2 protein chains.
Amino acid sequence: MGDPGTVAAPRVAQLRPSAAQARIISAALELFARNGVGGTSLQMIADTIGVTKAAVYHQYNTKDEIVLAAAEAELARLEAVIGAAEAEPSRARARKTLVTGMVDLAVAHRRTVSTILNDPVIVRFFAEHESFRHVMDRMSRVLMGDDIGHEARVSTAMLTAAISGTVMHPLVVGLDDETLRSQLQRLAERLLPAMSAKPERSSPATRN
Amino acid sequence: MGDPGTVAAPRVAQLRPSAAQARIISAALELFARNGVGGTSLQMIADTIGVTKAAVYHQYNTKDEIVLAAAEAELARLEAVIGAAEAEPSRARARKTLVTGMVDLAVAHRRTVSTILNDPVIVRFFAEHESFRHVMDRMSRVLMGDDIGHEARVSTAMLTAAISGTVMHPLVVGLDDETLRSQLQRLAERLLPAMSAKPERSSPATRN
DNA sequence: GTCTATATATAGATAGAC
DNA sequence: GTCTATCTATATATAGAC
């Protein structure tokens, strides 16, 4: 992991949003979570922050750009957690750091995280834009290592789906954050793929 | 479980759809999965099945009715699985039957299941309509028993979120159904809440 | 059960003043 | 950075003929 040569992780967001843009993104995220991306209009976003549609269009030229910016804002948080995990000295610690960070993130943003990750429009963005896929690849690598077998794939997919999906499940809406976080983390660790027998080594891993 | 006195489980669907209605529901489910409920118009549904909007409105008076019917159609499948699980003689077998059935269902309908269960519009329907909540309550009871503690709630929420969310995860799109099913079932069992110490009730048991 | 035609509202998006 | 005003397309929904 560590790879001390690497300094700055490639960022998803091109430019950090201005104050006006940040308000749009914040309103959009909340509305997307409540109505879905397709069910959210620019008029709704404008009304939420108390301006007209034209003011919103001054910040973003299309609705797609808003969706993209909102997805980037959410993913930036995940990217930071991944970066911290990659900096850990061992695979085991990297995985634990990542899972803890993902759980914390999901619990702290219960409404948005799950819907954003599952909305079909955003899922399409994820598939189309390389920068998104790159973040997901880094996450998978921390969790799975170089193991790309069936077992590792399914358990990684299940781990991410479980964390993001649980936090807004009707059964847990009444739970306080701390209880949810501790239970979620304990259970998430049960899903971790078995670590490949490969020993921790400092030499470059066998890559293909 | 069993409760031999109970004969017919209360159904979610009021009337079973006609042939024309079934085509609408089928097209709607596919479009909902691809575009979200809010991003799907009646025109899209009409185009998909090759009729005009007016023909669709002849079957359902509003878009909400279509959403409701589509959600009912999906939930009816889950209800059948729950019914089979409830008929099992022991809790352990009931749980295993339910998990197996849920996994089979999710894998067989990879696209629809996840999106339908996570779409914010449908989630709202679930919260508002008692018939939907009743099905979810039955599912929870089979999985958790009478234990409604934090641990059981989180693990149940996680189990359902994990199953439905994994099947359309980018990491598993390339996996064949049989591999996905076996891995998913194996991992799902790791999430099952610990069984409460309450003994197996010896009484009614064996059903038809 | 399906069609044409239409009513009304709102969607995404742009022009130009302040 | 925000506004009013407007364009075009499409949304949900209805009326009535076949």
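This structure is a prediction, so every number in the text was calculated from the model and none was measured.
If you measure from atom OH of A:Y60 to atom P of D:dG1, you get 11 Å, rounded to the nearest angstrom. Taking atom CD1 of residue A:I24 and atom P of nucleotide D:dG1, one finds them 9 Å apart after rounding to whole Å. The separation between A:I49 atom CD1 and D:dG1 atom P is 12 Å, rounded to whole Å. The nearest whole Å value for the distance from the OH atom in A:Y57 to the C1' atom in C:dA11 is 8 Å. Whole-Å rounding puts the A:L42 CG to D:dT10 P distance at 16 Å. Atom CD in A:E65 sits about 13 Å away from atom C1' in C:dG12, given to the nearest Å. Atom NE2 of B:H58 and atom P of D:dA17 are 16 Å apart (whole Å). Rounded to an integer number of Å, the gap from A:N61 CG to C:dT14 C1' is 11 Å.
Residue pairs satisfying the side-chain hydrogen bond (donor to acceptor under 3.5 Å, both in side chains) criterion with at least one member in residues 35-46 of chain A, sequence neighbours excluded, are listed as follows: A:Q43-A:D47.
In summary, B:R124 and B:E128 do not engage in a salt bridge, as defined by a charged side-chain N under 4.0 Å from a carboxylate O. A salt bridge links A:R181 with A:E178: at least one charged nitrogen is closer than 4.0 Å to a carboxylate oxygen.
Side-chain proximity of B:R23 to the nucleotides C:dA13, D:dT2, C:dT2 is greatest for C:dT2. The listed nucleotides are C:dA11, C:dG1, C:dC3; the one nearest the side chain of A:Q43 is C:dA11. Among the nucleotides D:dT12, C:dT2, D:dT2, the one closest to the side chain of B:K63 is D:dT12.
Heavy atoms of B:A54 sit under 4.0 angstrom from at least one base atom. Among the atoms of the strands shown, base atoms are found under 4.0 Å from some heavy atom of B:T52.
In this model, the phosphate group of C:dA11 is approached by a side-chain N or O of A:S41 to a distance below 4.0 Å at OP1 or OP2.
When the nearest nucleotides of DNA chain C are assigned to B:S18 and B:K53 by heavy-atom distance, the more 5′-ward of the two goes with B:S18.
Looking at A:R77, A:M136, A:M102, A:M139 one by one, the single match for side-chain contact (heavy atoms from CB on, under 4.5 Å) with A:I82 turns out to be A:M139.
For A:H129, the ring-ring contact (aromatic ring centres under 6.0 Å, His included) criterion is met by A:F125, A:F132, not counting sequence neighbours.
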